Amino acid sequence: MIKTVHVSHIGRVRSVNEDSAWIRNLDTGYILGIVADGMGGHLAGDTASRLAVETLVQDLATLEPGLSHASLSAALSDAILHANEVIFRTASTDDKYHNMGTTVVAALLNDAEGVIGHIGDSRAYKIAGKEVFQLTEDHTLVNELFKNGQISKEDVSHHPRRNVLTRALGTDAEVKVDMDAVRLEEGEVLLLCSDGLSNLVSNEQIIQVAGNLDLPLEDRADRLLQLALLAGGDDNITVALFEPQQQDAPQVETGCES
């Protein structure tokens with residue numbers, strides 16, 4: 001059994017929440033969680049992230065039970081590519097959506113293991129004990145500069161072009177999806193988030209909060225959100241948490257938006 005929770009907040013600066021999030025136990029037994037961070041300004045950004053979520057949910061809601069890992073990975077990748085087509089087509093046919101796009105990070109789990117699909121700089125982390133592992137790699141200009149040795153690790157978080165994406169959903173007719181396997185043991189937590197959290201909340205803070213198993217999962221999600229707000233809240237903030245439960249513990253999904 002996996003307990004899930006998600007929260008989303010407009011932040012302290014933006015006038016529109018361009019993030020979209022969705023987590024549910026599907027009728028077919030899988031758990032689907034999605035975080036998308038839209039771009040393109042008012043109307044465009046929130047439309048792009050909404051279309052991404054809606055397309056993934058529609059495509060994956062009727063998956064056959066008991067699929068193999070390879071089949072789950074293919075299904076999630078295909079759904080993300082379909083979302084790219086939908087967003088790109090919408091942007092191409094309506095001027096007010098010109099150049100809109102979105103990041104996406106999505107987890108499709110069969111109980112405690114599954115796959116993560118990802119485009120952009122929204123992230124997936126696994127928190128295990130006193131360690132946090134970033135499961136996704138940012139598709140950003142600064143990450144490319146860092147990998148090429150042109151800037152230091154310390155420069156990444158302060159670089160003036162740190163928000164420039166090298167890959168996004170819906171901005172081009174074709175896009176590559178990064179796929180990663182994930183498995184959760186009891187006591188571990190999976191975090192999906194937009195960069196409104198990851199840009200302002202440190203790995204140490206993520207460990208301290210998300211890894212605090214004595215706190216209810218809802219409180220951990222809210223505390224992470226509050227940390228981002230206290231650090232300035234200069235972007236929309238979305239947090240989604242997944243935690244394995246003992247078999248006799250009830251599964252509850254909660255979520256709220258502000």
Side-chain angles (χ1 to χ4, degrees), residues 1-8 19-36 52-83 103-120 122-129 131-137 169 177-194 197-198 206 210-211 213 216-218 220-221 224 238-255:
M1 302 289 282
I2 303 288
K3 182 173 182 178
T4 64
V5 60
H6 71 281
V7 292
S8 189
D19 287 0
S20 295
W22 194 95
I23 307 178
R24 292 290 187 280
N25 275 19
L26 302 178
D27 291 340
T28 48
Y30 303 109
I31 299 161
L32 175 62
I34 311 161
V35 170
V53 168
E54 289 177 353
T55 305
L56 265 65
V57 171
Q58 178 181 327
D59 286 5
L60 298 171
T62 56
L63 284 179
E64 294 179 14
L67 291 177
S68 67
H69 176 86
S71 295
L72 279 183
S73 182
L76 180 55
S77 177
D78 287 348
I80 293 173
L81 292 174
H82 183 206
T103 70
V104 67
V105 58
L108 180 60
L109 305 178
N110 185 6
D111 196 16
E113 58 183 308
V115 291
I116 293 172
H118 156 251
I119 296 173
S122 292
R123 292 180 178 178
Y125 295 91
K126 183 166 78 168
I127 299 91
E131 293 185 282
V132 60
F133 304 93
Q134 184 178 329
L135 304 178
T136 54
E137 180 180 340
L169 192 69
V177 185
D178 283 1
M179 300 297 300
D180 296 283
V182 62
R183 179 180 177 84
L184 295 175
E185 304 291 346
E186 188 173 333
E188 297 180 343
V189 177
L190 175 65
L191 163 65
L192 307 183
C193 66
S194 60
L197 181 85
S198 57
I206 289 174
L213 305 184
L217 200 63
E218 296 86 354
R220 282 178 261 168
L224 288 172
T238 299
V239 177
L241 296 175
F242 306 68
E243 183 177 51
Q245 301 287 291
Q246 295 179 353
Q247 289 300 314
D248 57 353
Q251 197 283 335
V252 180
E253 192 283 331
T254 59

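Only a predicted model underlies this, so the values are computations on that prediction, with no experimental measurement involved.
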Asker: Where is the tightest heavy-atom contact between Ile80 and Val104, given as atom of each residue plus distance?
Answerer: CG2-CG1, 4.1 Å
Asker: Where is the tightest heavy-atom contact between Thr238 and Ala21, given as atom of each residue plus distance?
Answerer: CG2-CB, 3.6 Å
Asker: Please round to the nearest 0.5 Å and tell me the distance separating atom OG of Ser73 and atom CE of Met179.
Answerer: 3.5 Å
Asker: Considering all heavy atoms of both residues, which atom of Ile23 and which atom of His6 are nearest to each other, and what is their separation?
Answerer: CD1-CB, 3.7 Å
Asker: To the nearest 0.5 Å, how far apart are CG in Leu81 and OG1 in Thr55?
Answerer: 11.5 Å
Asker: Any donor-acceptor pair under 3.5 Å linking the side chain of Lys126 with the backbone of Arg183?
Answerer: yes
Asker: Hey, does Ile34 have a side-chain heavy atom less than 4.5 Å from the side chain of Val57?
Answerer: yes
Asker: If I compare all heavy atoms of Leu76 with all of Leu60, which pair ends up nearest, and what's the gap?
Answerer: CD1-CD1, 3.8 Å
Asker: Rounded at 0.5 Å granularity, tell me how far CD in Glu186 sits from CE in Met1.
Answerer: 13.0 Å
Asker: Go through the side-chain N and O atoms of Ser194 and Asp19 and say whether any donor and acceptor fall under 3.5 Å apart.
Answerer: yes
Asker: So, does Tyr30 use its side chain to make a donor-acceptor pair with the main chain of Gly66 at under 3.5 Å?
Answerer: yes
Asker: Look only at the side chain of Ser122 and the backbone of Ala36, and say whether a donor-acceptor pair between them is shorter than 3.5 Å.
Answerer: no
Asker: Would you name the heavy atoms of Ile2 and Ala112 that are closest together and state the gap between them?
Answerer: CD1-CA, 4.0 Å
Asker: Could you give the distance from CD (Glu243) to CZ (Arg220), rounded to the nearest 0.5 Å?
Answerer: 4.0 Å
Asker: Donor-acceptor pair, distance only, cut-off 3.5 Å: does the side chain of Glu188 make one with the backbone of Glu185?
Answerer: yes
Asker: Which heavy atom of Cys193 sits nearest a heavy atom of Val105, and at what distance?
Answerer: O-CG1, 4.4 Å
Asker: Would a distance-only check, ignoring hydrogens and angles, find a side-chain to backbone donor-acceptor pair under 3.5 Å from His69 to Ser71?
Answerer: no
Asker: OG1/Thr4 to CD/Glu218 distance, rounded to the nearest 0.5 angstrom?
Answerer: 9.0 Å
Asker: Of Leu108, Leu135, Asp178, which is the lone residue that meets side chain to side chain contact (heavy atoms under 4.5 Å, CB included) with Ile116?
Answerer: Leu135
Asker: Rounded to the nearest 0.5 Å, how far does CG of Asn110 lie from CG of Leu67?
Answerer: 8.0 Å
Asker: Start with the C-alpha distance between Asp78 and Asp59, add both sets of side-chain angles, then the distance that settles side-chain contact (heavy atoms from CB on, under 4.5 Å), and finish with yes or no.
Answerer: CA-CA 9 Å; Asp78 287 348; Asp59 286 5; over 6 Å; no
